[in-house]
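Below is one structure, written out as structure tokens; comments come after it.
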Amino acid sequence: TGLAARVLAGCTTGAVAVACAQPTDVVKVRVQANGAMPDSGRRYSGTVDAYRTIAREEGVRGLWRGTLPNIARNAIINCGELVTYDLIKDALLRAQLMTGEDGAGGGTQPGTVPVPAVLNPWLCPTDNIPCHFVAAFGAGFCATVVASPVDVVKTRYMNAGPGQYRNALSCLLALLMQDGIAGFYKGFVPSFLRLGSWNVVMFISYEQLQRAATLAWTAQS
């Protein structure tokens, strides 16, 4: 699959996911900020109350507050994850930096049926779990670097009170004037740890499930 197709797939899936799940994300951000406030200043008593209060005070559109920056964030993260994972993994495979016996290659292992070249560890011992781990962790770091500014703006905009910012652009400019470029990378380490661990679990699970499904299909054919 070409680079353009990977980028398009990442942007499309990010936009569709946001369109469906934006209200949940808005409520999550509001409730998290609400929990850090003293009891007397809390606006919501729980998750359901947050949905009701936002819809009552800001209208149904309030549940989709920050949709555009969130689409940009998800598109950037998805592109960063999918594209950089494949690039890092391909580079590791070409350099043969990861060796082991649990990888994926091609040919026929003694005592087994022939399997496709991407599955047999006897001919490609570098396509293994350590390779997937390093590629996934690297993809998480790259995605965090490019998406952190959008993520910070999205969170601040969704958590803002009615009328505090005219739009996402005014929120971005206010953040830039107040905190400078460094403000766009607030919370970088926890964001990286969250996104990096998510990538490791997602990509390793994907690779293993894909391998198991292909082996099962090959054994039956």
Side-chain angles (χ1 to χ4, degrees), residues 1-18 21 25 28-29 69-106 115-155 172 175 179-215:
T1 305
L3 178 62
R6 296 173 183 176
V7 172
L8 181 60
C11 292
T12 304
T13 54
V16 172
V18 170
D25 200 15
K28 182 205 72 170
V29 171
N70 208 13
I71 287 177
R73 171 192 176 272
N74 274 30
I76 291 172
I77 287 179
N78 284 9
C79 290
E81 289 174 345
L82 297 175
V83 175
T84 56
Y85 175 79
D86 285 341
L87 292 176
I88 295 173
K89 179 182 172 183
D90 290 345
L92 291 174
L93 293 178
R94 285 195 302 270
Q96 297 186 350
L97 297 177
M98 301 290 174
T99 59
E101 298 181 354
D102 63 338
V115 296
V118 297
L119 293 173
N120 197 314
W122 289 75
L123 294 186
C124 186
T126 57
D127 191 1
N128 50 24
I129 290 181
C131 174
H132 304 157
F133 179 92
V134 172
F137 211 62
F141 178 79
C142 294
T144 306
V145 169
V146 297
S148 185
V150 183
D151 202 13
V152 171
V153 172
K154 178 216 72 164
T155 302
L172 183 150
L175 177 62
D179 299 324
I181 298 297
F184 292 123
Y185 289 91
K186 285 185 175 180
F188 179 86
V189 172
S191 294
F192 166 58
L193 293 177
R194 179 181 70 87
L195 200 55
S197 59
W198 154 255
N199 272 270
V200 168
V201 173
M202 178 182 69
F203 281 114
I204 289 181
S205 300
Y206 166 77
E207 295 279 5
Q208 298 305 308
L209 289 172
Q210 182 188 47
R211 182 175 305 169
T214 307
L215 283 173

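Note that CG of Leu175 is 9.0 Å distant from CD1 of Ile181, once rounded to the nearest 0.5 Å. Here the straight-line distance linking atom OG1 of Thr12 with atom CG of Asn74 works out to 12.5 Å at 0.5 Å rounding. A distance of 9.5 Å separates CZ in Phe188 from CG in Leu193, rounded to the nearest 0.5 Å. Taking CZ of Phe192 as the start and OG of Ser197 as the end, the distance is 9.0 Å to the nearest 0.5 Å. One distance of note links CG of Asn128 with CZ of Arg211; it measures 8.0 Å at 0.5 Å rounding. The CG atom of Leu92 sits 11.0 Å away from the CG atom of Leu87 when rounded to the nearest 0.5 Å.
Across every non-hydrogen atom of Leu93 and Cys131, the tightest pair is CD2-SG, 4.2 Å. Smallest separation of non-hydrogen atoms from Ile71 and Val18: CG1-CG1, 3.6 Å. Heavy atoms only, all atoms of each residue included: Ile77 and Ala143 are closest at O-CB, 4.0 Å. Of all non-hydrogen atoms in Cys142 and Thr84, the two that sit nearest each other are CB-CG2, 3.9 Å. Of all non-hydrogen atoms in Gly140 and Asn199, the two that sit nearest each other are CA-ND2, 3.7 Å. The shortest non-hydrogen separation linking Glu81 to Phe203 is O-CZ, 3.8 Å.
Asp86 is linked by a salt bridge (charged side-chain N to carboxylate O under 4.0 Å, His left out) to Arg6, counting only residues two or more places apart in sequence or in another chain. Under the rule for a side chain to side chain donor-acceptor pair (under 3.5 Å), Tyr185 has no partner lying at least two apart in sequence or in another chain.
In this structure, the side chains of Ile129 and Gln208 come closer than 4.5 Å at one or more pairs of heavy atoms. The closest side-chain heavy-atom distance from Lys89 to Glu207 is below 4.5 Å. In this structure, Phe184 and Val153 have side chains that are in contact, with non-hydrogen atoms separated by less than 4.5 Å. Looking at heavy atoms from C-beta onward, Phe133 lies in side-chain contact with Ile204 at the 4.5 angstrom threshold.
Residue pairs that meet the side-chain hydrogen bond (donor to acceptor under 3.5 Å, both in side chains) test with at least one member in residues 143-155, sequence neighbours left out, are Asp25-Lys154, Arg73-Asp151.
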